[in-house]
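Scroll down for the structure; my scribbles are underneath it.
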Amino acid sequence: MIEKMKAVCIAAQNSHKDELLGALRDLGIVHLAEKSAADATLLERFSALSRLMQELKEYKVKEQTELLSDAEFDALYSRTSAALEKKAQLRERLAALLLEEERLRPWGDFDPQTVRDLSKVVKLHFCRVDKKELRQLAENEEIRFVRLSPVEKSETIAVIGDPGANLRTGEFPLPEKGLSQIRKEADDCKAELEECERILTESAGHLKSYRHRLLKLRNAAEYSAADASLCRESGIVWISGYVPEADAETFSAAAREHGWAWMMDDADENDAGVPTKICYNKVTSLIRPLFNILGTVPGYREYDISFWFLAFFSLFFAMIIGDAGYGALFLIGTIILNVRMKKLTNVTLLLYLLSATTIVWGALTGTWFGLEGAMKIPFFKALVIPGIANYPEYFDVSSTVAQNNVMKFCFGIGVVQLALACIMNIRRKICGRDLGWVADVGWLISVCALYFMVLFLVIGQQVNLAAVACAIGVGFLLVVLFGGMAPDKTFGQGLKAGLGNAFTAFLNTISAFGNVMSYIRLFAVGMASLAIAQSFNGMAAGFGGPLVIVGIAIMVVGHALNIVMGFLSVVVHGVRLNLLEFSGQLGMEWSGIAYEPFREIKQEKNN
């Protein structure tokens with residue numbers, strides 16, 4: 001349920017500004033209407049500390065339970081920041097030294113300064129040449145050179161004087177430092193890197209203190225933003241916001257206690273800034289982690305579809321994964337996760353639900369890791385509904401009939417979901433005295449008729465096309481005549497608006513046909529997953545005897561890949577059907593603003 005909001009405005013004397021903000025933060029129920037940006041310095045500190053924490057999380061060390069004092073933390077943070085910056089510089093320096101060492105190693109260890117001193121008397125150029133060039137140089141009387149020891153099977157020479165254009169081979173640049181000095185500097189870099197790693201490892205043990213400081217900075221930034229959001233004039237400060245209707249009395253009592261001047265009223269119908277607060281119950285709270293991941297928030301005046309989203313998403317998940325064996329693996333993994341976390345959370349409860357529905361759907365279709373042999377086990381075979389079996393030959397059912405039944409079921413789910421959206425719209429508009437509910441009746445008729453049209457086109461089922469066409473025509477007519485109705489319009493104005501949008505209604509009817517058709521993706525993706533599992537099983541079956549380990553590896557890798565692809569399909573298809581097809585029929589845009597009251601955050605949010 002989306003909780004009703006009250007718009008409030010609070011005013012106080014400028015001298016009581018800090019008291020006002022402190023009291024509002026302690027109250028923790030006022031969502032600020034127009035929130036300004038926080039102090040840039042605080043945001044920079046928050047960002048820097050967050051980046052540093054991400055680096056420290058790579059070090060798997062035991063965390064200290066005691067919090068550091070502010071002075072101790074500041075000293076640790078300074079050391080850690082310096083060590084992290086120095087580590088990056090040392091790594092870059094070490095890479096350069098190692099490359100230089102690799103270049104110089106074939107030439108051996110020598111003192112470049114000695115060579116430079118010698119070049120003041122006799123100018124020398126060191127070069128690598130092949131045997132052909134060496135013979136040509138030997139025949140050239142203009143070039144004098146001394147032959148040196150070979151370097152990596154290449155001839156090397158020291159040319160005396162300037163070779164000019166006679167030498168095509170690139171010259172070996174004389175290094176600034178010798179090989180032994182470079183190696184010593186590389187060893188020093190490694191030693192300093194070890195010291196940096198020691199500091200970072202030590203610092204990683206105080207992640208609890210880092211999280212505590214990060215929380216303080218976050219609260220400071222929130223307070224700074226609230227302070228910047230205050231309006232000031234003539235010694236008075238005031239701020240606007242929203243309070244849940246259930247907390248209105250709590251706010252009124254606090255306002256009287258602190259002596260604020262305040263005003264409260266229902267949120268304006270045209271106010272697009274009203275935040276959305278969803279009141280989840282024990283069932284609908286299971287879908288909350290998914291909403292948090294997707295970042296979706298319904299508009300204040302839209303629907304809370306948490307229950308329906310959860311119900312249909314669970315079914316979509318089961319049909320897309322489609323394998324009871326995979327569902328059993330999910331269940332085992334969830335149990336292990338639950339034991340390690342030592343408590344039930346919305347995440348684990350959702351995983352339990354998705355695992356259970358996957359097992360049920362896979363058992364009903366007879367799919368266990370894509371193995372046909374599972375149907376030879378009486379218990380597994382007894383669980384199957386023959387009409388939708390993935391191995392229908394074991395039940396004297398043709399594969400065409402079984403597949404058509406699954407497709408009819410998919411289309412049926414689509415019609416039920418879209419019809420539910422129409423019914424929800426009808427109910428809301430009737431309660432709001434909006435004659436536009438008749439248009440939603442038209443959509444309901446059209447969607448139901450389109451279901452039979454889809455069956456005729458996709459699986460060739462015989463239907464009364466004349467009756468279907470008439471139903472679609474009646475639905476379209478109702479949409480055109482009543483689609484422009486609204487509580488603030490007369491019947492004539494609404495009729496004119498509806499007729500003006502007749503072409504749009506025609507396009508939307510075609511779109512509704514596409515929406516019903518799109519539910520076939522549940523069948524298609526489920527069948528693709530089964531085909532992939534069967535292919536890997538077939539590949540693995542070809543390895544017997546001493547190569548059986550190869551077959552096992554193929555099965556493990558293949559099924560793991562199939563599961564990953566299944567999860568991606570759930571995101572692409574399972575979520576889409578709820579957020580686009582169903583929500584589109586409801587008229588939802590998911591453009592809401594999450595209710596985030598001004599308050600002191602005690603700890604990071606857990607789902």
I'd like to know whether Leu350 forms a side chain to side chain contact (heavy atoms under 4.5 Å, CB included) with Leu310, so could you lay out the CA-CA distance, the side-chain angles of the two residues, the decisive distance to 0.1 Å, and finally the verdict. CA-CA 9 Å; Leu350 177 61; Leu310 175 64; 3.9 Å; yes
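- Of the possible polar contacts, none joining the Thr284 side chain to the Tyr280 backbone as a donor-acceptor pair under 3.5 Å is found.
- Heavy atoms from other residues, nucleotides or ligands lying under 6.0 Å from CZ of Arg301 number more than 12.
- In terms of heavy atoms, Cys422 sits closest to Asp440 at CB-O, 3.9 Å.
- Cation-pi geometry between Lys381 and Phe395 is met: under 6.0 angstrom from the ring centre, within 45 degrees of the axis.
- Only one option out of Leu455, Val458, Val415 pairs with Val516 in a side-chain contact (heavy atoms from CB on, under 4.5 Å); it is Val415.
- Tyr210 contributes atom OH, which lies 5.0 Å from atom CG of Leu52 (distance to the nearest 0.5 angstrom).
- Looking at Ser511, its side chain never comes within 3.5 Å of a backbone N or O of Leu507 through a donor-acceptor pair.
- Using a 30° and 60° split on the angle between ring planes, Phe506 and Phe476 fall in the perpendicular class, above 60°.
- A side-chain donor-acceptor contact under 3.5 Å links Thr365 to the backbone of Gly362.
- Looking only at distances, a side-chain donor or acceptor of Thr357 sits under 3.5 Å from a matching main-chain atom of Leu354.
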Trace of the side chain to side chain contact (heavy atoms under 4.5 Å, CB included) decision for Tyr300 with Lys4: CA-CA 8 Å; Tyr300 174 65; Lys4 188 175 180 181; 3.5 Å; yes
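- The aromatic rings of Phe291 and Phe309 sit perpendicular, their planes meeting at an angle over 60°, well past the 30° parallel limit.
- Formation of a donor-acceptor pair under 3.5 Å by the Asn405 side chain with backbone atoms of Gly387 is found in this model.
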Residue pair Phe582, Trp308: steps toward the ring pair (Phe, Tyr, Trp, His ring centres under 6.0 Å) verdict: CA-CA 10 Å; Phe582 181 46; Trp308 300 114; 7.7 Å; no
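- Put simply, the side chain of Glu302 gets close to the backbone of Glu589: a donor and an acceptor are under 3.5 Å apart.
- Between Glu596 and Lys35, the closest side-chain pair of non-hydrogen atoms is not below 4.5 Å.
- Note that the CG atom of Asp304 and the CD1 atom of Ile278 stand 5.0 Å from one another [nearest 0.5 Å].
- The CE atom of Met588 lies 8.0 Å from the CE atom of Met424; values are rounded to the nearest 0.5 Å.
- Distance alone, capped at 3.5 Å, places no donor-acceptor pair between the Tyr394 side chain and the Pro386 backbone.
- Summarising the geometry of Gln585 relative to Leu418, their closest heavy-atom pair is CG-O, 3.7 Å, with the distance given to 0.1 Å.
- Residues Trp443 and Ala512 share a closest heavy-atom pair of CZ3-CB, 4.2 Å.
- Taking the side chain as every heavy atom from C-beta outward, Arg428 and Asp434 never approach each other to under 4.5 Å.
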Side chain to side chain contact (heavy atoms under 4.5 Å, CB included) assessment of Phe317 paired with Phe567: CA-CA 8 Å; Phe317 183 95; Phe567 280 130; 3.7 Å; yes
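- Side-chain contact between Phe330 and Ile321 is present, with at least one heavy-atom pair separated by less than 4.5 Å.
- Closest of all the heavy-atom pairs between Gly299 and Thr276 is C-OG1, 3.4 Å.
- Screening Val384, Leu371, Val397, Leu530 for a side-chain contact (heavy atoms from CB on, under 4.5 Å) with Tyr391, the sole residue that qualifies is Leu530.
- Residues Asp488 and Gln493 bring no donor and acceptor atom of their side chains to less than 3.5 Å of each other.
- Taken from CD in Glu372 to CG in Asn390, the straight-line distance is 11.0 Å, to the nearest 0.5 Å.
- Atom OG of Ser518 sits about 10.5 Å away from atom NE2 of His573, to the nearest 0.5 Å.
- Residue Leu353 comes nearest to Ser314 through the heavy atom pair CD2-OG, 3.3 Å, listed as atom of the first residue, atom of the second, then distance.
- Residues Tyr352 and Leu331 have side chains in contact (heavy-atom distance under 4.5 Å, counting atoms from C-beta outward).
- Contact check for Met517 versus Leu457: no side-chain heavy atoms found under the 4.5 Å cut-off.
- There is no side-chain donor-acceptor pair under 3.5 Å between Glu3 and Tyr595.
- Proximity of a side-chain donor or acceptor of Asn537 to a complementary backbone N or O of Ala533 within less than 3.5 Å is detected.
- Taking the six-membered ring for Trp and thresholds of 30 and 60 degrees, Phe369 and His559 have ring planes more than 60 degrees apart, a perpendicular arrangement.
- Checked by atom type and distance alone, the side chain of Tyr326 never pairs as donor or acceptor with a backbone atom of Gly566 at under 3.5 Å.
- Counting non-hydrogen atoms of neighbouring residues, nucleotides and ligands closer than 6.0 angstrom, the CE atom of Met53 exceeds 12 such neighbours.
- Within the 4.5 Å cutoff, side-chain heavy atoms of Phe513 are placed close to those of Val454.
- Counting non-hydrogen atoms of other residues, nucleotides and ligands closer than 6.0 Å to CD1 of Ile549 gives a total of 12 or fewer.
- Contact between Ala497 and Lys489 at its shortest, heavy atoms only, is CB-NZ, 3.9 Å.
- Put simply, the side chain of Leu499 reaches to within 4.5 Å of the side chain of Leu481, judged on heavy atoms.
- For Trp368 and Phe379, the distance between ring centers is not under 6.0 angstrom.
- In terms of modelled atom types and a separation under 3.5 Å, the side chain of Asn219 and the main chain of Leu215 share a donor-acceptor contact.
- A heavy-atom distance below 4.5 Å is found between the side chains of Tyr303 and Asn425.
- Rounded to the nearest 0.5 angstrom, Leu450 CG and Ile445 CD1 are separated by 11.5 Å.
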For a side chain to side chain contact (heavy atoms under 4.5 Å, CB included) check, start with the C-alpha distance between Phe536 and Met555, then their side-chain angles and the critical distance, and finish with the verdict. CA-CA 6 Å; Phe536 280 110; Met555 286 192 67; 5.8 Å; no
